[in-house]
Amino acid sequence: MTDLAVAVGGTRLRGPVLAASGTFGYGTEVPLLERRALGGMVSKGIFLRPREGTPPPRIAETPSGMLNAIGLQGPGVDALIRDYAPSWAEWDFPVFVNINGESASEYGELAARLDGVPGVAGFEINISCPNVEQGGLYFGNDPRAASAVTEAVRKRTSLPVWVKLTPMVSDIAVIARAVEAAGADALCAINTFVGMSVDLNAYKPRLSFRTGGLSGPAIRPLAVHLAHQAARAVRIPVIGIGGIMRAEDALEFLVAGCAAVQVGTATFANPRAIAEVHDGIAAFLEAKGFTSLAELPRYLPRD
Amino acid sequence: MTDLAVAVGGTRLRGPVLAASGTFGYGTEVPLLERRALGGMVSKGIFLRPREGTPPPRIAETPSGMLNAIGLQGPGVDALIRDYAPSWAEWDFPVFVNINGESASEYGELAARLDGVPGVAGFEINISCPNVEQGGLYFGNDPRAASAVTEAVRKRTSLPVWVKLTPMVSDIAVIARAVEAAGADALCAINTFVGMSVDLNAYKPRLSFRTGGLSGPAIRPLAVHLAHQAARAVRIPVIGIGGIMRAEDALEFLVAGCAAVQVGTATFANPRAIAEVHDGIAAFLEAKGFTSLAELPRYLPRD
Amino acid sequence: MFLVDAPITAKREVARDMFVITMRAPEIAASVRAGQFVNLGWSSGPLLRRPFSIYRVDGDQIEIVLKAVGEGTSKLVAMSPGDVLSCVGPLGHGFGLEAGPRSIVLVSGGLGVAPMPLAAREAAKLGMRVTWVHGARSSEDLCTESEGDEVIWATDDGSQGFKGTAVAAAPDADLVLACGPNRMLAAVAGRWPDGLVAVETYMGCGTGVCLGCAVPLKRGGYDRACKEGPVYRAADIDWAALPSHLSYAVMA
Amino acid sequence: MFLVDAPITAKREVARDMFVITMRAPEIAASVRAGQFVNLGWSSGPLLRRPFSIYRVDGDQIEIVLKAVGEGTSKLVAMSPGDVLSCVGPLGHGFGLEAGPRSIVLVSGGLGVAPMPLAAREAAKLGMRVTWVHGARSSEDLCTESEGDEVIWATDDGSQGFKGTAVAAAPDADLVLACGPNRMLAAVAGRWPDGLVAVETYMGCGTGVCLGCAVPLKRGGYDRACKEGPVYRAADIDWAALPSHLSYAVMA
Ligand SMILES: Cc1cc2nc3c(=O)[nH]c(=O)nc-3n(C[C@H](O)[C@H](O)[C@H](O)COP(=O)(O)OP(=O)(O)OC[C@H]3O[C@@H](n4cnc5c(N)ncnc54)[C@H](O)[C@@H]3O)c2cc1C
Ligand SMILES: Cc1cc2nc3c(=O)[nH]c(=O)nc-3n(C[C@H](O)[C@H](O)[C@H](O)COP(=O)(O)OP(=O)(O)OC[C@H]3O[C@@H](n4cnc5c(N)ncnc54)[C@H](O)[C@@H]3O)c2cc1C
Ligand SMILES: Cc1cc2nc3c(=O)[nH]c(=O)nc-3n(C[C@H](O)[C@H](O)[C@H](O)COP(=O)(O)O)c2cc1C
Ligand SMILES: Cc1cc2nc3c(=O)[nH]c(=O)nc-3n(C[C@H](O)[C@H](O)[C@H](O)COP(=O)(O)O)c2cc1C
Ligand code: FES
Ligand code: FES
């Protein structure tokens, strides 16, 4: 069997395919899941306090993509620790918590509350959510704010800290270097792009939040480019995210310099997507005569 | 007949649908063109001097989109004036020249050379081409550089000056305001997004230029959002561009606050796209009981 | 929940532009309850699956009823026996009928007919007297495949049966179930606060993980049409906040 | 140039996994010259059209020959008579045969067979003696539909005709035409600098406006495979700079 294990910023994953935040809930009610193929999961974005989220409609489909504006609906950290972490502690793959806040100190506070909770393997700092009024994206496109948040979390936990980057920047390398310097163990690239779809009967945006985050295959070439730019800018591992539907798509990110990938929207269309991507990567490596993922040639010019 | 005429930054267009730069050549060899439906055209990006462009492959298809890295191949301004402008002078629709340079003064020089040449109706300043080593995008994501280029052109011509914005910015409103202040008559939003596609046989990018500009329906929701943001930020008209395949797509941009639209990639798939979009807009307005495009409700909250 | 490749076995037109598609999906046919739905995808289909109530069950076959209201449904109604649909289901909580009520009224408008045949059968099995009131714009739009002890038609133009809405035409009963345009369901909530209504929302995953199918609740907050729903006690929904422009509404 | 909705009228397999699709396109059938191509699109097809040489013409019908090498060609070979293709053409400059040469050799590898039947007929009409040398991996991959006064087969494994490449098997003549993997055409350029070769590139528009189909020239710079090309004098092309990984090459 081809060896697909990878080490990402300290954490050893049995495979390079993770479930992306917000597309997997808290992992407790995912249908038809084939655990063996799951390298790990990132839970739905959480805040300190419960959040209602945005009014419907929250979703609109676009060519090869979808817009979402969920608004980080969630039960808050206490409920997460009470209702979900216990089951995570039982599982044979690591669960990373996607943490969100309206200030650097809120992020730090969240990390402190979750640090040491059985079942919590690490953090994915979300400084790239386009669907919240405060925080979110704001932290993501300002290098100073981004590193402030990263430091705040770094100070409060010894667990692995991943930082999820937004594509809505003129130069992702600047942010990538800033959060690396601030102590991130890995980068996740990327979150959704801000988009809008217009309802021609109502003469207004389809989504009640007006805009939403674009995900799905439509954004893949943009995501591969940004993940590649990030990978070239830093020494820590980069986890590629965006529009991965099939193994070939994941392999584009891996060849472009990513250590692992996350799969999101694809699982809506195909509940078996993660297993198919995982198995397809193994089959590709085998066909090319590689015995492990580490042997996959990477395209990562340093300039 | 529904009246589709619009005035865009001084220029009166018989219809709101223009041909986008680089997807229409110089307009001289466009097949199956239905002139009546064409509000105007923007010629392929030109530099002062001839340019070879990038080596092949220059194109790669992606989900609902395509990457291109043509590298602004072109004959230079002298050949343009000699070989193409004369025919433009004969036509019953305005031709705007997409101008490019490696410095603000080069842009100004180009405008001066073309100002007053019969057949040249105005300029579209391209500060957003992702496929050139110098200039291009660089001018597009720095407000100071963007307004410097705009001023340089403004100083050298009395013809309408449009500025074509790049989506690769953290806040398009900042650039939009800067070029408005520098004297632009209209904004064109947007140019292509930078993307990458990886060849899994060669373990390197499909395009010889490594990256390319993503166009087509995949980017439409992003383009609608950016055009809308630009329209909210300025008082001058905004021309919406990005992924328009059908009349409904164009109407999304118009409702989102655009005065007109440009159609590019769609014409590759469907040589009749521009006529179909034009006629479809007329049919939509008629069905809704509007007698002119001006009556179309716009969604343009000023905040 | 199952993921099945379901071959289409039959297609019939039951009203103007309204089609019933039959497909073989044994596991789903064996386990579905009235009011539950399936999420359908197919190669060269749109990115997201499309949710459809299960209309009827016959042996190892399930049926859905639909109209072409957009890209996906247009492609679906153009399909023919032999074509294969990827089918996830049964999904959501149905009407959850239990013994007790002696009489039940099913109120449906337009495509809201979808979950009613299963509901009628379950109710009959539980010994309830079933009255089905079905409304549409005009007689051509009326799907007249009927179940139950009594059937009442209603048309906006009076071209068949009662002239007016199904809600207006409906008698009272111990239990009321309703499906149709969200606007119609709001009216149902006014007359029968305890009625059970099947609502429609956009859906991302259909399986409870994306929170895309938010249904606004009177008590505040949202829950998921694909998980806690799509069936709700009529009075529990904040109708003003529920989008009413979805396709049932468009078409009914 | 025409834009035609061309109904598929027939499909046949001419070698392992290699199919000929016949479609009705009167205007194109009437005006096409050997070496020209059509750009095909279809509903639920990929965003960009796909270019294909015209293989044969019969009355108001045109034919293309292809293999499934990716998304678009896979869908094309799966189509059946009655399906309709949107067809733009004829496109590009063909071989432009004129009276003069007394003998001509057509050298084709794999799918490079595509433009040769038309070329053979035009050449014969112009009184040339036509020799067609066609090569493939093995006999199963060899499309044996042949034209011309003399036909020579070549297979890499020697399972049919000459063992080796078509280029090696070919005699000399006053005029040489070649089509096949770009790598093979480079070899042609070495032996017959004045030979006329039909090259393959990616295409955006197919009509000369996008500059996506750049062909690198010896004299420097690029021109357009879809407009000045796809036929070139072999020695004029900068073979080192022309991508050789395209599908003809992949498949031949
Ligand atoms: C639980 C549930 C059960 C349903 N049962 C049926 C049924 O039995 N028969 C039936 O005909 N329809 C049913 N629908 C509605 C059906 O899912 C939509 O009409 C369908 O998804 C439209 O897809 P489209 O591609 O044709 O439309 P699109 O082109 O996507 O959009 C056309 C219009 O359809 C509506 N729409 C689009 N996507 C959705 C979606 N995911 N959910 C709801 N509305 C949408 C919108 O109003 C949009 O304006 C049900 C919906 C839900 C949530
Ligand atoms: C002038 C011309 C004439 C051609 N004539 C024929 C013919 O007669 N028969 C035939 O089988 N093929 C022909 N081709 C090649 C054919 O166009 C491609 O094989 C086809 O476009 C592949 O599409 P796809 O979606 O199946 O492949 P994709 O899924 O798009 O990609 C699969 C592989 O096909 C190649 N490819 C993809 N798109 C193109 C493109 N637009 N142009 C060239 N290569 C591409 C790439 O190498 C890619 O790796 C011709 C190409 C040109 C330019
Ligand atoms: C419905 C939905 C909800 C999401 N919620 C979150 C979230 O809570 N936190 C986060 O960091 N990213 C969130 N994302 C972004 C995804 O994790 C991922 O970055 C993005 O969807 C691109 O990947 P994909 O194209 O594979 O879906 C969400 C995406 C979707 C579609
Ligand atoms: C092949 C190609 C060449 C292009 N060349 C130019 C150019 O020279 N100058 C420019 O400003 N934009 C150029 N563009 C961008 C288009 O004008 C347009 O902004 C972009 O393609 C988005 O619109 P679309 O999705 O309708 O194609 C080019 C686009 C394509 C696909
Ligand atoms: S559709 Fe995803 S949670 Fe209901
Ligand atoms: S394919 Fe567009 S110029 Fe040749």
Let me know if C/Ala241 has heavy atoms under 4.5 Å from chain A in its side chain, its backbone, both or neither.
->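 Contact with chain A: backbone only.
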
Which answer fits A/Thr265, side chain, backbone, both or neither, if we ask what part of it has an atom under 4.5 Å from a heavy atom of chain C?
->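 For A/Thr265, the contact with chain C is made by the side chain alone.
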
Under a 4.5 Å heavy-atom cut-off, does chain C meet the side chain of A/Pro217, its backbone, both or neither?
-> side chain

On the ring face of C/Tyr202, is A/Arg206 found with NZ or CZ under 6.0 Å from the centre and within 45° of the axis?
->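 Not satisfied by the 6.0 Å and 45° rule.
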
Give the member of C/Gly212, C/Cys213, C/Pro46 that has the highest number of heavy-atom pairs under 4.5 Å with chain A.
-> C/Gly212

Note: C/Arg50-A/Glu61 ion pair, threshold 4.0 Å (strictly below) =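 A/Glu61 and C/Arg50: salt-bridged.
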
Do any side-chain atoms of residues 242-252 of chain A form donor-acceptor pairs under 3.5 angstrom with protein atoms, and if so which ones, sequence neighbours left out?
| residue | atom | partner | partner atom | Å |
| --- | --- | --- | --- | --- |
| A/Arg246 | NH2 | A/Asp249 | OD1 | 3.1 |
| A/Asp249 | OD1 | A/Arg220 | NH1 | 3.3 |
| A/Asp249 | OD2 | A/Arg220 | NH2 | 3.3 |
| A/Asp249 | OD2 | A/Met245 | N | 2.9 |
| A/Asp249 | OD2 | A/Arg246 | N | 2.9 |
| A/Glu252 | OE1 | B/Val198 | N | 2.9 |

For C/Asp83, what residues pass the salt bridge (Lys or Arg N to Asp or Glu O under 4.0 Å) criterion, not counting sequence neighbours?
->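 Salt bridge (Lys or Arg N to Asp or Glu O under 4.0 Å) check on C/Asp83 returns nothing, list empty.
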
